[in-house]
**Student:** 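The structure's right below; bear with me while I get my questions together.
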Number of protein chains: 2
Amino acid sequence: MLLPQFSQDHVPNTSSATHTRLAPFSQQVKRAAKMPGTIQHSVVTEVPGPQSKAAANKLDSFFDSRAVHFVVDYEKSSGNFIVDVDGNRYLDVYSQIASIPVGYNNPALISAAQSSEMVSALVNRPAIGNFPSSDWHDILKDGLLRVAPMGLNHIFTAQSGSEANELAFKASFMLYRRKERGVGVEWSDEEIASCLNNAKPGSPELAVLSFTNSFHGRGFGSLSTTRSKAVHKLNIPSFKWPQGPFPSLKYPLDSYVEENAAEERRCLAEVERLITTWHCPVVALIVEPIQSEGGDNHASSAFFQGVRELTQKHGVVMIVDEVQTGFGATGTFWAHQHWNLTSPPDIVTFSKKAQTAGYFFGDRMLIPDKAYRQFNTWIGDPARVVLSKAVIGEILDKRLVEQCARVGDILYAELEKLAQKYPEYIQNLRGKGYGTYLSFDTKDSAALVATLKRRGVNIGTCGIRTVRLRPMLIFEEKHGEFLFPTQHAT
Amino acid sequence: MLLPQFSQDHVPNTSSATHTRLAPFSQQVKRAAKMPGTIQHSVVTEVPGPQSKAAANKLDSFFDSRAVHFVVDYEKSSGNFIVDVDGNRYLDVYSQIASIPVGYNNPALISAAQSSEMVSALVNRPAIGNFPSSDWHDILKDGLLRVAPMGLNHIFTAQSGSEANELAFKASFMLYRRKERGVGVEWSDEEIASCLNNAKPGSPELAVLSFTNSFHGRGFGSLSTTRSKAVHKLNIPSFKWPQGPFPSLKYPLDSYVEENAAEERRCLAEVERLITTWHCPVVALIVEPIQSEGGDNHASSAFFQGVRELTQKHGVVMIVDEVQTGFGATGTFWAHQHWNLTSPPDIVTFSKKAQTAGYFFGDRMLIPDKAYRQFNTWIGDPARVVLSKAVIGEILDKRLVEQCARVGDILYAELEKLAQKYPEYIQNLRGKGYGTYLSFDTKDSAALVATLKRRGVNIGTCGIRTVRLRPMLIFEEKHGEFLFPTQHAT
């Protein structure tokens, strides 16, 4: 699809490969053909291969392995390429469910992993809220705070996107009741006694609104806001919280301007109706900039501006879940930067490519009235926060956000050509202007993904019939060549 | 309190201290007196000291620091001793809320932290369920599975005690509905559609029973089972799940044999009444072997045997929350080993000293009917699981569980003497036979803990007026000397 641009960095960063690097191009290709594992991608067995199958079966004796795609040799994996235990080497545009930021065995991350700061964070794991390390301030300041979304200058660290979202909900609930009670007014005896019994008024009925097809995690609170698939939710008790409609846009966008605008207005009206008529106060609203697990569903900036207006009008905390969209892939560091909001969201949650998790916020009223209310033993993992600092360093130093924007535009254009050529395989192409965060519908996404795996591309699905691209931030123009070999659709 | 047994390992493991080690005993003491930081414990400022206060204030500009006790120099901390940024050195029997297993800067853990296995786990963080590493099987087998509770040969990894408990609840709910639906019977369309809307029958009303004063975490599901303090629960919506009475025993146990047995019978009867009469099915019961955050409340083995009988009789999944009690401190690796159950609990959850988290189980029916139901992106953190392997190696190699049993017995005997001497300071001493997992009530626990901090002992409270000992597993007889200097009560 793109012009072939073979180059050094298709060769993994191992000592034997280092020699290869020095060889002239023609020799490289020749040698690579003879040496499995050193060419750009090469699948020599069925997928998963016999070694992967054997390893997964062995693991399954004590660890559920039914979802294993293949078992990985991470030592041999490098940059954009993942190598399995059968020696198959894939261009990885799934990236551990969108969570590898800057490539396998990234040298800067290895360096961070070997630092004395990391060793101490690992072996002396603190209860950060009680006994923070002397360097905790700087680890945050030189890391996560460098990328704090505009207007959000406070942070709470966590360990997963689910946890981050639930902490954001808790902050919202505590804020709501604090305002309702009156700032500075003490808790009543009735509140104190009733909350221990999970009863009102101490444990009130308050709600978080989320959208159809959203995914916000799998804890009991976050799962109550997840609406993507039954496999996530079936049999699990949930809070009776409202579900607003997320716009269902038609593609190509240019051809459906009016209809899509009307659809977004309809959704906004329904969200406002739910906020104002739900049987209990709707305290927070959570939304993904691009609904990822739910099928890579987009909405316009105008829609999100409308959401911001509604939440401000009704005093609802607006939580933007950037667990999957954050950290650069959309061509801006945070996807919500695309919206040009007149005031920032109240809370932005993150995880995945950050290699840690947590939430940013601006309003100090979101800090609860007393200590120990938003608290837990570890409050995140400083080892992972140290790593995130290195990730952020790489992203900013190497201008990887700008790279994603640039490469994404080219990729989109190429995919658009393919879509015209093979309309039965590529429909509803989306993500234009959103970096490499691209996706399309296809008639049988599982089959297409299986085919691509056999051809050396590790790629994932989402929603019902969507194939999503989630390359790492180090994905370059030249890697596009290997993404969709034109023969795939034949 | 114990006879002074000054010894080498009161000296921190730094290069300057290494020289000190070689000096004869009298010289050591003399030198130590002149060199702050090398003596066993030494508090030279108020607590927190000026440097701690300044550091916490600085941190507070973007990270809530109201719960900070003091800011720590982890590089200088070693073994049982923690050093703050003011140069104060404390014997640490709080251990990061009971979560440091084998001492600060433990050499075996440092070695694990520097291993290539760790570096890869850090920089190539996998979505373990999809793309496990080739060594994931062995990391588990040579680590966590070595200490799997008897009868529980499966594991699911997680990142916190809260998460582990919620995963256990989800497994229980899925099991219940699977049995109710009939094994092998497919999900109905109605179930699939309704669960996405948080409605019945897909999202059923099912309950988890927990006990008064319990603490099981802070997620929306785990918090619904936490009953310890209002500060944890106030303003947060919760599930309407039942709360059984946990026995309120009288001390000394010898003097109240009949009354305590009657109290436990009363509690068991009430638990059975709740299970059989609650407005929805009680699917699981969760219990701590010793209620830790709730005040170090104990019950007899007979009580827990009764709980096991009740749960089996009524088909309720019994979840033993060993997040704080697990990993040796009670003188057995798992506290529930004290109970001599005739059949193992269904699920045992762990975290804290494990340095990772998760749950063990035995019944394969607790693995859901389909893949991706019990799932999330990371499914724990292999870096932390690698570290847990080293922790387990240390515990088993150095027979630290046996050591806890032995040292705990001596500590208990000494505390008993102190209790007789200072009954106004030490009441309801408990934990006899439970290793170093000791505690007592006192009239003003915050004041006593503050006094002890100023005298060089970092110790914690729980419940309303309880002081709890949570030394690391490497706490030895000789450290007892420094625990309660006899002048503390004067």
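A note on names: the letters A, B, ... follow the listed sequences, proteins ahead of strands, and every chain is numbered from 1.
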**Student:** Heavy-atom distance under 4.5 Å to chain B: side chain of A/N130, backbone, both or neither?
**Tutor:**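 Contact with chain B involves both backbone and side-chain atoms of A/N130.
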
**Student:** Kindly write out the residues that satisfy ring pair (Phe, Tyr, Trp, His ring centres under 6.0 Å) with A/F131, not counting sequence neighbours, or none if the list is empty.
**Tutor:** B/H69, B/F70

**Student:** Taking every non-hydrogen pair under 4.5 Å, which of B/P132, B/P242, B/A56, B/G202 racks up the most with chain A?
**Tutor:**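 Option with the greatest count: B/P132.
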
**Student:** Non-hydrogen atoms of chain B under 4.5 Å away: do they reach the side chain of A/D369, the backbone, both or neither?
**Tutor:**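 The backbone, not the side chain.
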
**Student:** Is A/P201 in contact with chain B via its backbone, its side chain, both, or neither, using a 4.5 Å heavy-atom distance?
**Tutor:**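 For A/P201, neither part sits under 4.5 Å from chain B.
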
**Student:** Go through A/H137, A/Q243, A/K170, A/H154 and name the one with the most non-hydrogen pairs under 4.5 angstrom from chain B.
**Tutor:**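 Looking at each option in turn, the highest pair count goes to A/H137.
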
**Student:** Does any heavy atom of chain B fall under 4.5 Å from the side chain of A/L145, the backbone, both, or neither of them?
**Tutor:**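 Just the side chain, heavy atoms under 4.5 Å.
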
**Student:** With distance as the sole criterion, is a donor-acceptor pair present between the side chains of B/S238 and A/S203 under 3.5 Å?
**Tutor:** yes

**Student:** Compute the centroid of each ring, for A/H232 and then for B/F375, and state whether the two points are separated by less than 6.0 Å.
**Tutor:** no

**Student:** Is a donor from one side chain sitting under 3.5 angstrom from an acceptor on the other, for B/T377 and A/K352?
**Tutor:** yes

**Student:** Using distance alone, with no hydrogens and no angle criterion, decide if A/Y90 and A/D84 have a side-chain donor and acceptor under 3.5 Å apart.
**Tutor:**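 A donor-acceptor contact under 3.5 Å links the two side chains.
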
**Student:** For A/I100, which atoms come within 4.5 Å of any heavy atom of chain B: side chain, backbone, both, or neither?
**Tutor:** side chain

**Student:** For chain B, which of A/I367, A/D138, A/V85 has the most heavy-atom pairs under 4.5 Å?
**Tutor:**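 Of the options given, most contacts go to A/I367.
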
**Student:** Tell me, side chain or backbone of A/A121 under 4.5 Å from chain B's heavy atoms, or both, or neither?
**Tutor:** backbone

**Student:** Could you tell me which of A/V123, A/V102, A/L109 has the largest number of non-hydrogen atom pairs under 4.5 Å with chain B?
**Tutor:** A/V123

**Student:** Which bit of A/N213 comes within less than 4.5 Å of chain B, counting heavy atoms only: side chain, backbone, both or neither?
**Tutor:** neither

**Student:** For the candidates A/I192, A/I155, A/N376, which exhibits the highest count of non-hydrogen atom pairs separated by less than 4.5 Å from chain B?
**Tutor:** A/I155

